[in-house]
Every structure is written in C-alpha cells, then in structure tokens.
Amino acid sequence: MLEKLPVPFGLIRYGVAPDHQSTKAVTRVLDRVLSRDQVSFFGNVEVGRDVRLSELMSLYDAIVLATGAACDRRLGIPGEDLPGVIGSGSFVGWYNGHPHAPAPNVRDVQSAVIIGNGNVAIDVARILAKGPEELAASDAGGQVAAWLAAQPLQTIHVVGRRGAVEAKFTDHELAELGTLQRARPVVNGPASLTGDTAVVRTLRGFAESASRDTPVTINFHFNLTPTAFVGDSKLREAQFRSAGGETVSLPAQLAVTCIGYESLPCCSAEPANGVFANEDGKVDERLYVVGWAKRGPSGTIPTNRVEAQQLAQRIAQETHRTERSGGEGLRKLLEKRNVRWVDYEGWQRINAAELARADAGRCRQKFCSPDEMLDAALSPQLRPA
Ligand code: NAP
C-alpha cells in the first residue's frame, strides 16, 4: 500500500469529522490489515514523484487506484476566489490537521454560509457551531479550536439548491444538529416543507420544537441557487436566485462550498469528468480503481468496503502468478533513489507519539507537517542524540 503522506487512512483520518471518533474507529480494522506479514506499507511515497505508475506495473501483478477524490468541485460563479470562500475539501482538511490544508484566511466571522445539502455540509455546520467544550474529546488540533473560539459567530446558513425532500443529508446526521449546546437549527419558511421523508420530518420537528435561546442559529434554506459571492477584498455576502427568480443575499464573512469532489491525476493515469474511466473497476489490463476515484464522491465507509471486497475477488480471479518482485523490488528502487519511506513500524511510532502528546481529554494530537511525522517515525536507534 503506497501513500503520499507518511501516514495511512486518507479520508478517515482527514475527512471524517474529528468529533465523530466512533466512525474513525474503523482504522482499527484497517490497521490489522496493515499489520499482516503479506502487506507492506510505503508511506511518504508519491506515485509520479518517487516512482512511476509504469514502474509499479512492472513490479506488481495488479495495481489498484484508491486515490479518492481530493479536489473540490467548483461552482463556476463570480467571486469564488475571494478570501473567505473555501471548498469543503480545504476546510474539512484544515479542521482535521491535513498538512496541505491551510487555516481559513478570514477573521471576525459572524455569519457563515454553507452551500450544499449533503452530509459534508452538516459536518461543517456542526463543527462551526460547536463550542470548545463540545470538541474537547475530539482530535481537532489546538489551532483549530483556537480559530473556532475566536470567531464571534452568530449565524450559520445551510443552503440547498433544491427542496428539502431532495436533500442528501442522512436523517441521523441532520438530527444531531438538534442536540448541540450553543446552537439550534431554524427552518426558513417551514410552511414550504413538502414531502414525507425522514429528513423532512426531522426538519419539521426542528421548526415545531420550543425555541431555545442559543448564541448561534443554524438556518436551513431551500430552493436557492448560488449565483455570486460579493465583496471587495474579502467576502461580504453570498447571492442566490430563488425558485421565483428573485435575488436573495445572505451576509457572510465565510462561505464553505460543500458540493462534492473530483479525482486528481495519478501519475500517467488521468481522470475524466472527475473519475477514472473504468469498466466495473477495471481501467486497463492489471490496472483497477475503487471508491470515489471509481464512481465519484458518494457513499459511506460500508459502501466502499463492499465495493473493495468485490474488486479484490475480481483481481483474485484475473491475476495469475508471475515472477514480479513486488514489495522487495519496490524497496530496492526506493533505496536506490534515496526515498525515505515510512513502513508499518514507522507508522506505529507516529501513532503512539500522536496519542502520547494529546492534551488531557483530547484523544490524539496529530502532527500537521510531513517533517514532524517523518521525525516521529524514526526508530529510537536512528534518532539524533
Ligand atoms: P453529496 O451528498 O453528493 O451532496 C452534495 C450537495 O451539493 C448536494 O446537495 C448537491 O445538490 C449540492 N450541489 C452540487 N453541485 C451544486 C451546485 N452547482 N450548486 C449548488 N449545490 C450543488 O456530497 P457530500 O456532502 O460532499 O458527501 C459526499 C459523500 O460522503 C456522501 O455520500 C455522504 O453521505 C458521505 N458522507 C457521509 C458522512 C456521514 O455518514 N457522517 C459524512 C460526510 C460525508 P443536488 O442534490 O441538487 O445535486
């Protein structure tokens, strides 16, 4: 298993919200797989930089692209590059400590607009809405908690371009917003809630429940299509077109677009329309693809697990024993190129160090730079005195 960062677990480590530790706990299952003798982990190895895809093809009998969808989709509307407008991949990566995701370049956020009606929009709304004590047991870093606590946030708008009945949130994630300490959900125009899905019933429940006084409100709006972000040197408001054609403006200093993701190229393999073209997981002879890189950014961890099992069976049927040298050959190639990779034992040392350095109450304090990770991966014998 090759990974460009020194640490494994991709979207579970950097996409699943830091306050959803029970979901992140699936890493224990994956860690058991990594610990097997037949499995070699090569962290800090980037395909295209340290080794070419064609070289891997000559070393291994089958290659699987499981590179996900790491690039934010864009709305393609005016003002999208204004400071204060951020894609969810960047924002979620930042609050999860991803080394390549910078902190939001805005301050004094009183009003935030979240565009999209999927579970990522709910995650972003919940993390913004939570007070410091509600994040205490998470693995959100100190700098994340400090940025969140510094914002005088009062209003969060969650905006869908279609009706509530078409929203893609799952009911369970939506309902969690009704349990927050310092924020409460509010439905804009509850009379317009039509249909009878679990999501619509939960939204009606929000609208009907006795109003609590909270410092933050999470306002749901439906049937508003984003048309522009407006501001001079930074975001001032987000503009939408209603179903009736009117312009609706929502003041905001922060806008997070939660509208899905696209795959990035993997060395010589190029995605088209956000995914790698494939026939039921097969890209080419001995080259396969799974997960979001295969079918786009949809489905939860169990969806991907089922799909991975099916692909593994297909590869087992289609692969014939050859003399390719596999991990042994890759190790030699990386050594020849002076690539410093992290193996499973190195990852275990990083993991142990992150657990040990967590503040009281926090479950983990991630290293946020590859250099810190590489340092923590060193065995005690190799550590400078
Ligand atoms: P998603 O569920 O596909 O939602 C994307 C949202 O963006 C939809 O409401 C979509 O509206 C909207 N959208 C797309 N293009 C737009 C545009 N040009 N203008 C306005 N709105 C636009 O994607 P996601 O929220 O990124 O989640 C990705 C996957 O991860 C999903 O399968 C999700 O369930 C999963 N996930 C699960 C959890 C969890 O289980 N706790 C947490 C996070 C993510 P339309 O419907 O109109 O296209």
Side-chain angles (χ1 to χ4, degrees), residues 9-26 68-80 85-93 95-96 98 113-128 130 138 157-177 179-180 195 197-200 202-203 220-229 238-243 248 250 252 255-263 273-275 290-307:
F9 307 144
L11 194 66
I12 296 171
R13 184 175 160 104
Y14 292 117
V16 172
D19 60 338
H20 276 182
Q21 288 297 319
S22 57
T23 309
K24 284 192 194 269
V26 71
C71 176
D72 278 308
R73 258 189 212 142
R74 286 176 63 87
L75 281 165
I77 61 174
E80 207 167 357
V85 183
I86 302 175
S88 57
S90 283
F91 194 70
V92 170
Y95 68 56
N96 265 313
H98 192 289
V113 166
I114 297 171
I115 296 178
N117 270 184
N119 280 331
V120 171
I122 298 283
D123 278 350
V124 170
R126 189 183 67 255
I127 295 294
L128 281 171
K130 278 192 168 181
S138 75
H157 299 285
V158 179
V159 187
R161 66 176 167 181
R162 297 193 287 159
V165 76
E166 283 106 1
K168 289 181 175 156
F169 329 121
T170 43
D171 177 47
H172 180 260
E173 322 305 317
L174 178 66
E176 196 181 342
L177 295 185
T179 67
L180 303 182
T197 62
V199 161
V200 169
T202 300
L203 288 165
F220 285 90
H221 307 258
F222 297 99
N223 297 306
L224 291 182
T225 302
T227 51
F229 297 106
Q239 289 185 347
F240 301 85
R241 194 181 51 250
S242 73
V248 174
L250 297 175
V256 186
T257 56
C258 305
I259 59 164
Y261 308 102
E262 294 178 347
S263 291
N273 300 322
V275 296
V290 274
W292 287 11
K294 173 193 167 198
R295 56 167 211 284
S298 67
T300 53
I301 293 166
T303 323
N304 288 303
R305 181 186 290 167
V306 171
E307 196 186 85

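Note that the structure is predicted; figures quoted are calculated from it, not measured. Every number for a ligand or one of its atoms is a count from 1 in the order of the listing.
Of the options G118, C258, G260, the smallest heavy-atom separation from atom 7 (O) of ligand 1 is shown by C258. Counting heavy atoms only, R161 comes closest to atom 10 (C) of ligand 1 of the residues R73, R126, R161. Taking only non-hydrogen atoms, the option from G116, P302, G76, S88 nearest to atom 12 (C) of ligand 1 is G116.
The shortest contact between atom 28 (C) of ligand 1 and any protein heavy atom is with P297 O, 3.3 Å. Looking at atom 32 (O) of ligand 1, its nearest protein heavy atom turns out to be G299 N, 2.6 Å. In this structure, the protein non-hydrogen atom closest to atom 27 (O) of ligand 1 is V120 CG2, 3.5 Å. In terms of protein heavy atoms, atom 9 (O) of ligand 1 is closest to N117 N, 2.9 Å. The protein heavy atom nearest to atom 41 (N) of ligand 1 is E173 OE1, 3.1 Å. Given atom 36 (N) of ligand 1, the protein heavy atom at minimum distance is N119 CB, 3.7 Å.
With a 4.0 Å heavy-atom cut-off, ligand 1 is reached by the side chain of W292 but not by its N, CA, C or O. The side chain of L75, and not its backbone, has at least one atom closer than 4.0 Å to an atom of ligand 1 (non-hydrogen atoms only; side chain from C-beta on). At a heavy-atom cutoff of 4.0 Å, ligand 1 is contacted by no atom of I122, backbone or side chain. At a 4.0 Å heavy-atom cut-off, ligand 1 does not touch A167 at all.
K24 contributes a side-chain N or O that, together with a main-chain N or O of R13, makes up a donor-acceptor pair within less than 3.5 Å. Judged by distance alone, with hydrogens and angles left aside, the side-chain atoms of N96 form a donor-acceptor pair with the main-chain N or O of V16 at under 3.5 Å.
Counting heavy atoms from C-beta outward, I127 and D19 have side chains that approach closer than 4.5 Å. By the 4.5 Å heavy-atom criterion applied to side chains, V165 and F222 are not counted as neighbours. Residues V92 and D123 form no side-chain contact, since every pair of their non-hydrogen atoms from C-beta on lies 4.5 Å or further apart.
With rounding to the nearest 0.5 Å, the separation of NZ in K130 from OG in S138 is 8.0 Å. To the nearest 0.5 Å, atoms CH2 (W292) and CG (L11) are separated by 5.0 Å. Between atom NZ of residue K294 and atom OG of residue S263 there is a gap of 12.5 Å, rounded to the nearest 0.5 Å.
The R162 neighbourhood of ligand 1 comprises atoms 45 (P), 46 (O), 47 (O), with distances under 4.0 Å to a heavy atom of that residue. Atom numbering of ligand 1 starts at 1 in the shown order; those under 4.0 Å from a heavy atom of S298 are 32 (O). Numbered from 1 in the order shown, with element, the atoms of ligand 1 that lie under 4.0 Å from a heavy atom of D123 read 42 (C), 43 (C). Ligand-side atoms of ligand 1 in range of K168: 1 (P), 2 (O), 3 (O), 4 (O), 46 (O), 48 (O), range being under 4.0 angstrom from any heavy atom.
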Problem set entry | Test side chain to side chain contact (heavy atoms under 4.5 Å, CB included) applied to F169 and N119, step by step | CA-CA 5 Å; F169 329 121; N119 280 331; 3.9 Å; yes
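Across all non-hydrogen atoms, the minimal contact from Y261 to A69 is CB-O, 3.2 Å.
For the residue pair T257 / D72, no side-chain donor-acceptor distance below 3.5 Å is found, with atom types taken as modelled.
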